[in-house]
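Below, chain A is the first sequence line, B the second, and so on; all start at residue 1. Just so you know, these numbers use all the heavy atoms, side chains as well, and skip hydrogens, waters and symmetry mates.
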There are 2 protein chains.
Amino acid sequence: MNLSELRYTVAVAQERNFRRAAERCFISQPALSTAIQKLEEELGVQIFERSRTEVSLTGIGERLVEQAQRVLEEAERVRSIAREGRDQLVGVLRLGVIHTIAPYVLPDLIPVLHARAPEMPLEVEESTTAQLEAHLKNGQVDVVILALPFASPGIEVLPLYDEVFEVVVPAAHRWARKRAIGAAQLAEERVLLLNSGHCFSNQVAEACPEVGRVPGNGMTPGNSLETIRNMVASGSGVTVLPATANSDKYRSALLCVVPFTAPAPSRRVALAWRRSFGREKAVEALAQSLRTLSLPGVTLLPA
Amino acid sequence: MNLSELRYTVAVAQERNFRRAAERCFISQPALSTAIQKLEEELGVQIFERSRTEVSLTGIGERLVEQAQRVLEEAERVRSIAREGRDQLVGVLRLGVIHTIAPYVLPDLIPVLHARAPEMPLEVEESTTAQLEAHLKNGQVDVVILALPFASPGIEVLPLYDEVFEVVVPAAHRWARKRAIGAAQLAEERVLLLNSGHCFSNQVAEACPEVGRVPGNGMTPGNSLETIRNMVASGSGVTVLPATANSDKYRSALLCVVPFTAPAPSRRVALAWRRSFGREKAVEALAQSLRTLSLPGVTLLPA
DNA sequence: GCCGCGTGATATTCTTTGACTATCACATCG
DNA sequence: CGATGTGATAGTCAAAGAATATCACGCGGC
């Protein structure tokens, strides 16, 4: 039994004539006859009574045709579901974002992406790179916004922009008026950083090796740069933040942002997704949307 | 898209592993892979995400699999309906019977046939041979009980039994005490018969040509031999009835039944059905049931 | 860090299936 | 009685579906 046979059966039932039914099915009459015979044989039941003059349904044939129609309708719904799903910009996109990017990029990103792909709701997971990598691989998220370096088998990576780091000190700090600060100078201060589960802390430590030598650094619990910013404002020390975390929105009278002396340390932000994730258009829409945001301290990479 | 592809898709969705799914479908893994690819291609949608390590459903894939299952369920119901219909002794049998047989045979036939085929309800149409032939050919009835001669293209005929004719006269009639009456003698009397739409009247007229010469004969309106019997009881004339119409059940003090002198005229009763009517078992059950009735004046024919 | 294992994809071959054309057998109708 | 229209049958062929053999690629153990 296959869908063609059911389609032919319904056609014969409606036309009550093999030739006309065959025409309607775009096949020859013998092909139709043998198809119906094959189905009747397989089902072990006579569906039609053929006299020379006319075709009629047997009692059981009537029930079978009715049910065959139901099968064909449900099959048609498969096609219609597929039609709906054809647009890659339709359907939930599960997006992972590292803690040190999410709060500073998502508020701007979401409206832009929504304008570009209005039928693609986001489900956002904010976490660490390690966690997001695992969830990316097991399919719990589809695309991740993270900082390089990052590589993983089966995972595609698209670098998007570079973002400089900046020093944040209390407003009353002796560095508050400085034009720029060298990385080595950070060794003089207590530098508050997120714990080492966060790539950003490691990148700061790498860019400013002197920081690592100061005891008490890098011990902050929690996952939020905002906590650190508050601690700095309260005079617990200084910190280094990515530029997007220092946009006007986060300005405070208690804090001063001071750039690094050139070359300022920075991180490269990228998208990552499973190579097998089929919705390239969705990834592209996300990348384009991120590129159109004008974020402070950010240099776009060529597409 | 065909049912196999849907079946394979559901299997992969359940196993989340092409090899195991292929095994469950009794096909090779490559065959499964290509089948799924073909379906995805046709639908223009990716159903599964294949990483080296595991298979998972895309968003649209989940909906498609669910719908595919629905299609398969409905297809399975086609098979189950066919299974039910496989028994030819299940389902309505539309039976046509001529007026001069129905009232005398059906009351005995129905319980016997019901015992033989309890799941085969009868729909009975009582009519003339001409009308029944038309209804048989256009499918309004399936099998007909009638009197020979009868032949029609595409119609199968099975003779069942011979039934003698008998003369019926009022109890006070001068023939009431006779042992037998010759056909020619009927010319002496007013013989009441059904109108010529009924084969029985014609057969009587043929067996007793003298009857035709008496004016006023064969004019009875209506389709019932009982009307004629009542007319005879009331003294309007005499008549000829088939033996089954004279069983004990219909005996009356006002009437006497007198046999013809040998060789008594008779009619041959038969079944007729469309050659294309597939339920030979149902016809056979009907024939066997009729043979087991012990009807008066009836001689069974060899099967 | 390399090798073996398990995964799905691909290439090639072969069988099966579905469809075509040509033709038949049969009933109907002028 | 021949013309017409019906579904069935015969013979042929191309396309679909499946099998075997093999590949490419992650992963996990040593």
Is [X] reaching over with its side chain to a backbone N or O of [Y], donor-acceptor style, under 3.5 angstrom?
X	Y	result
B:Gln203	B:Leu148	yes
B:Ser289	B:Leu109	no
A:Gln67	B:Arg77	no
A:Arg83	A:Val78	no
A:Ser201	A:Leu194	yes

Need to verify one output field. Residue with the more 5' nearest nucleotide on DNA chain C, A:Ser28 or B:Arg275? A:Ser28

So does [X] get a side-chain nitrogen or oxygen closer than 4.0 Å to the phosphate oxygens (OP1/OP2) of [N]?
X	N	answer
A:Lys137	D:dC27	yes
B:Asn2	D:dG17	yes
A:Lys38	C:dT17	no

Touch class at under 4.0 angstrom, heavy-atom based, for A:Phe48 against every strand present: nothing

Map A:Gly154 and B:Phe26 onto DNA chain D by nearest heavy atom, then report which one ends up closer to the 5' terminus. B:Phe26

Protein-nucleotides 6-11 of chain D N/O pairs under 3.5 Å:
| unit_1 | atom_1 | unit_2 | atom_2 | d |
| --- | --- | --- | --- | --- |
| D:dT6 | OP1 | A:Asn17 | ND2 | 3.2 |
| D:dG7 | OP1 | A:Phe18 | N | 2.7 |
| D:dG7 | OP2 | A:Phe18 | N | 3.3 |
| D:dG7 | OP2 | A:Arg19 | N | 3.3 |
| D:dG7 | N7 | A:Arg19 | NH1 | 2.6 |
| D:dA8 | OP1 | A:Arg50 | NE | 2.7 |
| D:dA8 | OP2 | A:Ser33 | OG | 2.7 |
| D:dA8 | N7 | A:Gln29 | NE2 | 2.9 |
| D:dA8 | N6 | A:Gln29 | OE1 | 3.1 |
| D:dT9 | OP2 | A:Gln37 | NE2 | 3.4 |

